[in-house]
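Read the structure below first, then the notes.
Source: prediction; values computed, not measured. Computed from heavy atoms alone, side chains included, the values below leave out hydrogens, waters and symmetry copies.
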Amino acid sequence: MAHFLPQSSNFPLEEQIKTLADDELLDFWEEAQHLEKFLGDEMNDLDTTVEYERLILLELQFRSCRRSLRLPA
């Protein structure tokens with residue numbers, strides 16, 4: 001299971017996401033979706049909003065492009 005280190009300012013979320021395996025990244029996305037749904041309006045009151053879904057989708061797109069470039073033509 002993936003772990004987010006919220007107190008680690010030296011290791012931003014973007015870098016943490018890059019270290020996750022594909023299945024861990026998808027688990028993290030799913031857990032973030034459940035947490036967002038559970039917290040509902042409370043999430044809107046946070047001063048610092050991290051766009052988990054956008055960051056995860058960007059990383060998945062990057063990995064997909066990287067894999068497709070490695071495939072023989």
Side-chain angles (χ1 to χ4, degrees):
M1 178 179 287
H3 296 281
F4 172 59
L5 307 172
Q7 285 81 15
S8 180
S9 60
N10 296 333
F11 200 48
L13 179 62
E14 292 88 350
E15 296 302 315
Q16 292 181 46
I17 285 174
K18 291 176 184 178
T19 65
L20 299 174
D22 288 348
D23 58 337
E24 292 175 325
L25 188 57
L26 292 171
D27 286 344
F28 179 65
W29 174 79
E30 184 179 11
E31 290 172 14
Q33 295 296 308
H34 287 294
L35 183 61
E36 184 177 329
K37 185 179 261 189
F38 177 74
L39 293 177
D41 292 333
E42 292 177 27
M43 288 290 287
N44 296 332
D45 295 337
L46 297 176
D47 291 335
T48 56
T49 303
V50 180
E51 297 175 334
Y52 297 104
E53 187 170 6
R54 183 184 66 81
L55 294 172
I56 292 168
L57 288 175
L58 285 174
E59 181 62 23
L60 288 170
Q61 288 173 339
F62 173 75
R63 291 179 187 191
S64 176
C65 290
R66 190 173 56 196
R67 276 193 283 270
S68 67
L69 290 175
R70 290 184 190 163
L71 294 175

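Here the straight-line distance linking atom CG of L60 with atom CG of L25 works out to 4.5 Å at 0.5 Å rounding. Atom CD1 of I56 and atom CD of E53 lie 8.0 Å apart (nearest 0.5 Å). From S64, atom OG reaches atom CG of D22 across 9.5 Å, with rounding to the nearest 0.5 Å. To the nearest 0.5 Å, atom CZ of residue R67 and atom CZ of residue F62 are 10.5 Å apart. The distance from atom CG of L13 to atom CZ of F28, rounded to the nearest 0.5 Å, is 5.0 Å. Of the inter-residue distances, the one linking E31 atom CD with E24 atom CD reads 10.5 Å to the nearest 0.5 angstrom.
Applying the side-chain contact (heavy atoms from CB on, under 4.5 Å) criterion to E15, with sequence neighbours excluded, gives F11, P12, K18.
Taking each heavy atom of R63 and L20 in turn, the nearest pair found is NH2-O, 2.6 Å.
L58 and L26 end up in different hydrophobic clusters when Ile, Leu, Val, Met, Phe, Trp and Tyr side chains are linked at under 4.5 Å.
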